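Being a predicted model, the structure only gives us computed values, none of them experimental. Order of appearance sets the numbers: ligands from 1, and atoms from 1 within every ligand.
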Amino acid sequence: MSMKKISKEQPNTFEFNKKNLETAKKVISNYPEDRQQSAVMSLLYLAQRQNDNWIPLVAMKYIAKFLDMPYIKVYEVATFYTMYNLAPVGKYFFQVCTTTPCMIRGAYKLVDVCKKKISENESQISKDGKSSWMEVECLGACVNAPMLQINDDYFEDLDSEKLEKIIDKINKNETPKPGSYRGRTNSEPENTRKTLLGNKNA
Ligand code: FES
């Protein structure tokens with residue numbers, strides 16, 4: 001796993017837009033009084049969504065004030081969890097799972113495609129500014145390994161060729177279809193179902 005990259009270039013200001021301000025207040029109201037700090041992860045996530053999928057330091061300071069907690073505590077949370085990006089990412093953000101089940105099914109071939117077609121190094125934005133990629137730990141779709149996540153969608157049962165086609169589509173401003181690339185419905189067995197066939201209630 002790579003170290004968290006914190007952007008050297010940082011904006012000077014951040015505040016929630018109207019919609020996120022309302023959402024933040026609603027999230028906080030889910031917790032007992034004086035326990036508003038429990039909302040820190042949700043608020044970091046909101047800040048990331050609002051700011052092109054990365055969290056600047058000034059947003060952590062803003063959230064610290066918002067929740068009446070020390071900035072260092074917000075910083076600790078933001079730097080600990082891999083789902084928070086602390087530097088700009090591409091508009092299309094590829095997260096390639098390289099944990100064991102995906103690894104033994106060819107995840108590093110997918111990493112090679114990302115290196116070839118997006119950028120040589122992870123967390124580096126492609127020359128056209130469109131995409132970036134990084135390795136991540138298990139995304140919970142091991143049955144459909146190898147797989148990766150692009151923004152909010154999972155792309156599964158991949159190989160090098162299939163990933164190249166997905167990236168080509170994105171580069172042509174088309175939207176690739178998420179899900180299994182071997183035509184499976186969700187995570188059904190590969191060569192049709194073999195169990196519980198005689199049970200009417202199955
Ligand atoms: S190991 Fe890749 S999704 Fe679980």
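Taken from NZ in K127 to CD1 in I118, the straight-line distance is 13.0 Å, to the nearest 0.5 Å.
Taking distances strictly below 2.8 Å, the protein N/O/S atoms close to atom 4 (Fe) of ligand 1 are C138 SG, C142 SG.
Between F16 and F14, the angle of the ring planes goes over 60°, which puts this pair in the perpendicular group of the 30/60° scheme.
If you check the side chains of E137 and T99, you find a donor sitting under 3.5 Å from an acceptor. Counted by atom type alone, W133 and S119 present one or more donor-acceptor pairs between their side chains at under 3.5 Å. A donor atom on one side chain and an acceptor atom on the other are not found under 3.5 Å apart for N20 and K25.
A search for side chain to side chain contact (heavy atoms under 4.5 Å, CB included) contacts involving D152 returns R49, not counting sequence neighbours.
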